[in-house]
Amino acid sequence: MTSGWPLLLSLDNSPVSEQPLPHHSGSFSALGVSLRDGSFNTSILHVAQGEPFEVDCSEKDEGRAHFFGDTRFRSVNPVGESFDLVVNTKRLYSLKSEFFEEVPLECPKQRSKHLVWWGATASEMLHNNNNTTFSTGFEISRDCGNLGKPKGRSRRRSVQFDDVLCEEDARFIHINDPRRTNDQYEFTGNEIRTSKYTLITFLPKNIFIQFHRVAYLYFLAIAALNQLPPLAVFGRTVSLFPLLFVLCVTAIKDGYEDWRRHRSDRNENNREALVLQCGQFRSKKWKKIRAGEVVKICTDETIPCDMVLLGTSDPSGVAYIQTMNLDGESNLKTRYARQETSFAVLEGGAISGLIRCEQPNRNIYEFTANMEFNGQKFSLSQSNIVLRGCQLKNTGWIIGVVVYAGQETKAMLNSAASPSKRSKLEIYMNRETLWLSIFLFIMCLVVAVGMGLWLARYEDQLDYLPYYRKRYFTPGKDYGKRYKFYGIPMEIFFSFLSSIIVFQIMIPISLYITMELVRIGQSYFMIGDRHMFDSSSGSRFQCRSLNINEDLGQIRYVFSDKTGTLTENKMEFRRASVNGKNYGGPSPTAEQLLEENISATTTQKRWKLKSTITVDSELLKLLHKDLVGDERIVAHEFFLALAACNTVIPVRAHDGFSSCTDSQIFEDVETIDYQGESPDEQALVAAASAYGYTLFERTSGHIVIDVNGEKLRLGVLGMHEFDSVRKRMSVVIRYPNDAVKVLVKGADSSVLSILAKDSGKDDHARRSATYSHLTEYSSQGLRTLVIAARDLTEEELELWQCRFDDASTSLTDRAARLRQTAALIECDLNLLGVTAIEDKLQEGVPEAIESLRQAGIKVWVLTGDKQETAMSIGLSCKLLTPDMEKIIINGNSENDCRKLLSDAKAKCGLNLSNKGSQYLKCNAEMDYLQRPEKEEVPLALIIDGNSLVYILEKELESELFDIATYCKVVLCCRVAPLQKAGIVDLIKSRSDDMTLAIGDGANDVSMIQMADVGVGICGQEGRQAVMASDFAMGQFRFLKRLLLVHGHWNYQRIGYLILYNFYRNAVFVLMLFWYILFTAFSTTSALTDWSSVLYSVIYTSVPTIVVGILDKDLSHRTLLRYPKLYGAGYRHEAYNIRLFWVMMADTLWQSLVLFGMPIFIYKESTIDIWSIGNLWTVAVVILVNIHLAMDVQRWVSITHLAVWGSVIVAFACVVVLDSIPIFPNYGTIYHLTKSPTYWLTIFLIIVSALLPRFLVKLVHHHFWPSDIQIAREAEIMGRGPDYWGSKSVGSSS
């Protein structure tokens, strides 16, 4: 397929001389021309009214296109009269521009799968043979003015659309006819529901969700087994208590959260809006609004549903909305009502029509539709729709028709939560839980096999031996009856299942809810940390995920965006290169220059910017000279481009201020502020205003610029907004003298390649100077944009308008078609200059990066900026240091990248990729990377996005991984959002190290979600990153405290919490295990059912939670002063498999002492089984709590209350249970406590059980202290850093 060029050639250079056609003005037609090879052309033709002609697709000569056929047209002239156009001729005509009036040709998209790519080099269309004639639908269109050169903005009104969605793919909305709309298609109402449950579904649905945890299924199976008579070890009701307690606590929490959602939904659904009913706007609840209804919204009100604008209080149809509730951006956005509907609304006419739009989707940045209104059909885009949740600002009212309501609105479709992440410690915990399950199986197997052997040996004596007798000897109704004896094999099986019930808490069910409560407590204190409150933005720290608090203490890699994350994203115009001359540097402000009469402004009205802009006096003088030279013209166009080529909205406010100078009096001063989606655009427009080019009015069809006191009204014919593919934006404007220009700004890599060829030595010199300035600005860390422009001829304008209208009305592939349309005018540009904007570093960024580096964390910066800009920022934030040797990989092909990677590996000394990978993985467990002896200079890897295209999709990934992990710093430039995620995945998939990604914009979302921990910055680019993150904060510098302080504390607490819960339950189970072995493998318990149940739920749970929330091994000052202490986290010092086995060995010893000491002391006594059980209950509670107390690092009043209070509560519960007459242990505690032996036994148990642990800790701390222990000793003793440094020799590093 071509892009119209053969047809254009035929217009100008047709070799065939044909008889001229009579020229008729006042009517024209748009034709689609199909060519012989299946391609088609859309261009500018002259067609005379009523003149027969022939379109011939059977032949196509170079430079000529023919018409043949018998086609009848019906058109509408300006006064509404219609006429018929009969096309029936045998003569052939070439297309010559002097014979025809200009009209656009449009090739309609057929329903028969025509695949059309505008501007491509090939086409795929279905046809029967090479000479097939396509049945073509023609579009009759005309300008809104006369048929000569149009004034102002050129608009086209279309009567027929051919490029439409299939009916089954489109949604049809009948304007102001909700009954017809909804009866036919049954759209959802506007009622929303964010809650999960109803009163009927809460119980079954909540239980179903909770039982997704495998551990809950395990305990449910245990409780079910205990209901069987042969396996009833505990009371049937008592066995259900632990599971029911956990389920109820979680259900109460879920129910409360869902009740809050119900309340919010109810408030939202019962809000009211004005809806057109019986010709009048009347109040109606939001939940009753339906698709097709016409709604009126007044200023500062919230939009109740997704609506297509029909009209606004502004005669031009413009409306301003704030999308903060949708995407978090506070800047105002511009939305427009089509002029066709806006006029009808203002005139108060009937509102009716049909909208054909796409099905509901989540994309808030696109909307594809068209509208039939009053006999006309025109396109609708994202600029014509306002979305639910947005607020109307600076506009009196708007009227719109509902297209999406309720759950189908884009806001509700985007309300899904970000993907949940699992803590690394929780994954390790599952590994240890598996080991505990194996222990449980072995213990149950030992008991079952032992019981089988015992039964086989004493089978003839079972009636006379305890534990297994076959008859009841207890007086009562069962006296003399026989037990149900199932035989030895079945008794072994039942014994195995009964053992599982007895030892069930070996798998700690309470650990799950304990971890949830501890994480909530930790999050509360992180949110309340005043050191992480950003006073400039008023934002405090946010915990958006409660599952991964402890992962903050194990981070090894930090992946950071640059703009808005390391920098403030508050742009300031600093330098400019205009016509090859450099401007900028220390200068007075614009207002000072004006007061010094440098400005030649004669107006009595002066614009006052909210911000102060520094200007260059020489450039300002140039702009105010009455020169006509090239330099003055280029500077004029340069600043016109800055003021016009953007999407910012000027917001004017009367200042009520007047000032008097020697030369003039400024009265009626107006303050002007600019609202825009991009801080870059705001800075450029403000800079243009400072130099005398003030944009102060914008509508859908024109802009007005105050040029040194003179108002310049420019018609906006069309705009191609910035996108990540083109990396530039352009606007087509018409001057008052009917001249048409296209103004372009964009990245240097995008604009420099589409400049016109040098026209001479002077032009070449100017470009060379501009290129050198561009490099200079980038090296200073400034953000650069290239400004260019060109004049458009009427033929080029008409061609572009034709393509632009066609692309903008397309319901499929609209973005791609608009890009290809933009390429028609974004070519052969004249270079005007370069802008340089400074994006300052945030406060504390260099210090934060240096602290993270000292902590052993590698910081990688992934940015879309130029390499020079990124390197300059890297130096200023101390990411790069002057002594670093830089490895730069900028490859343009796979072979180039392979060679550059090979050279880089040689420089790093990594000859074999496998060797390098093993080396790095081994060193990941160490405190610091130990380099080979020959390597002395630190290395920094700098790679661009173009190279990553070839590396991340090939087998070169492993080589990049080896080099990148070896270097101290990695800087990735010109990277796309998905490439950022690919870099993070490179580390995640090839190492066990934890990753953290931090960013502030929508382009960082994929990276944030890919990393183990995602952190969003509440910055200038909206809240997309925050909404996708796990944690959010206001400044990058808070990351230092988040990781080094809270991350360290959380990791140490959760690591100890898991080990302690394993120990606490294991010591209790092992004590029961020894007792069962002592009682002939009988699964008999000396403890009451309630004591066994309440042990992990009540007796010992509270101290664990309190210590997990409040304990601190070191103060925040020490942790910030010595960042190397953070290494304990990624070295897994607080929780690892070695500590687990040491803990199990200690547990084994303590359980033996706990069981053996009372047996030894009371072996000659007549103490009964319930008395010894009570002693064990009290002793084990005291033991585990003192064990916990030995490890508490920070004692506060709540900790004392929790630890010692739990001992008191446990003893009180034992007293209460022993006071209930129906229990078999009734009164035992009262006899025990009177005996000194009881208290002496408990004391000996505690001392004997904990003495080995105490001695091992003492020796280890003295001879092999860890960094944390040394720092704690220095902190307690009040020693300085010199003491800490001298003691650290031989520690974990």
Side-chain angles (χ1 to χ4, degrees), residues 78 143-146 150-157 175-176 274 276 279-281 294-301 303 307-322 332-353 355 371 373-376 378-386 390-401 605 643-644 646-654 670 672-675 694-706 711-719 731-736 808:
D143 281 341
C144 294
N146 58 32
K151 307 291 184 181
R153 185 179 184 185
S154 175
R155 292 186 176 273
R156 300 182 181 274
R157 297 184 180 179
I175 302 175
N176 200 23
L274 295 175
L276 185 62
Q280 294 182 348
F281 285 102
V294 176
V295 180
K296 183 177 182 179
I297 304 297
C298 298
T299 185
D300 294 329
E301 290 184 350
I303 312 298
M307 306 190 308
V308 168
L309 282 180
L310 297 177
T312 73
S313 58
D314 191 306
S316 62
V318 67
Y320 303 114
I321 63 168
Q322 189 177 67
L332 297 183
K333 310 292 191 307
T334 310
R335 296 294 181 265
Y336 304 97
R338 293 286 306 207
Q339 293 295 325
E340 294 85 349
T341 62
S342 182
F343 292 150
V345 169
L346 291 175
E347 293 170 0
I351 303 176
S352 62
I355 294 177
M371 179 190 291
F373 188 83
N374 291 342
Q376 305 174 43
F378 41 82
S379 68
L380 299 173
S381 66
Q382 186 260 345
S383 62
N384 305 122
I385 188 173
V386 290
C390 301
Q391 283 189 320
L392 183 66
K393 297 290 184 181
N394 295 349
T395 307
W397 50 263
I398 62 172
I399 292 177
V401 58
K605 186 171 184 177
N646 54 73
T647 58
V648 301
I649 303 167
V651 180
R652 299 154 59 180
H654 185 75
E670 278 195 79
I672 190 165
D673 188 26
Y674 293 109
Q675 298 280 350
T694 302
L695 172 68
F696 67 90
E697 182 179 326
R698 176 185 293 278
T699 70
S700 59
H702 71 272
I703 57 175
V704 183
I705 301 174
D706 185 335
K711 291 185 179 180
L712 177 62
R713 181 186 174 101
L714 301 175
V716 179
L717 305 184
M719 179 180 292
V731 60
V732 180
I733 60 173
R734 184 183 293 277
Y735 287 79
S808 62

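Each residue takes its place number in the sequence, starting with 1.
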query = If you look at every heavy atom in Val731 and Met719, which pair is closest and at what distance?
reply = CG2-CE, 4.0 Å
Using distance only, find each side-chain donor-acceptor pair of residues 394-401 under 3.5 Å and give its atom names and separation, not counting sequence neighbours.
unit_1	atom_1	unit_2	atom_2	d
Thr395	OG1	Tyr320	N	3.1
Thr395	OG1	Lys393	O	3.1

inquiry  = Just to verify, what does Ile703 make a side-chain contact (heavy atoms from CB on, under 4.5 Å) with, not counting sequence neighbours?
reply    = Ala644, Leu695, Arg698, Ile705, Leu714, Val716
inquiry  = A side-chain contact here means heavy atoms from C-beta on lying under 4.5 Å apart; do His702 and Arg734 qualify?
reply    = no
key: Leu392 side chain reached by Glu301 side chain, heavy atoms, under 4.5 Å   = no
key: Among Met371, Glu340, Arg338, side chain to side chain contact (heavy atoms under 4.5 Å, CB included) partner for Gln376   = Glu340
query = Measuring from Ile321:CD1 to Ile297:CD1, what's the distance to the nearest 0.5 Å?
reply = 12.0 Å
Closest approach of Pro315 to Phe343 (non-hydrogen atoms, all atoms of both residues) = O-CE2, 4.4 Å
inquiry  = How close do Ala319 and Thr312 get, counting heavy atoms only, and between which atoms?
reply    = CB-CG2, 3.8 Å
query = To the nearest 0.5 Å, how far apart are OG in Ser383 and CG in Leu309?
reply = 9.0 Å
note = Closest non-hydrogen contact found for Lys333 with Ile649 is C-CD1, 3.6 Å
message = I'd like to know if the side chain of Asn384 and the backbone of Ala337 have a donor-acceptor N/O pair within less than 3.5 Å.
response = no
ask   = Name the one of Val345, Asn176, Val295 that satisfies side chain to side chain contact (heavy atoms under 4.5 Å, CB included) with Leu310?
value = Val345
message = Looking at Phe696, is its backbone amide N or carbonyl O close enough to the side chain of Thr694 to form a donor-acceptor pair, meaning the two atoms are under 3.5 Å apart?
response = no
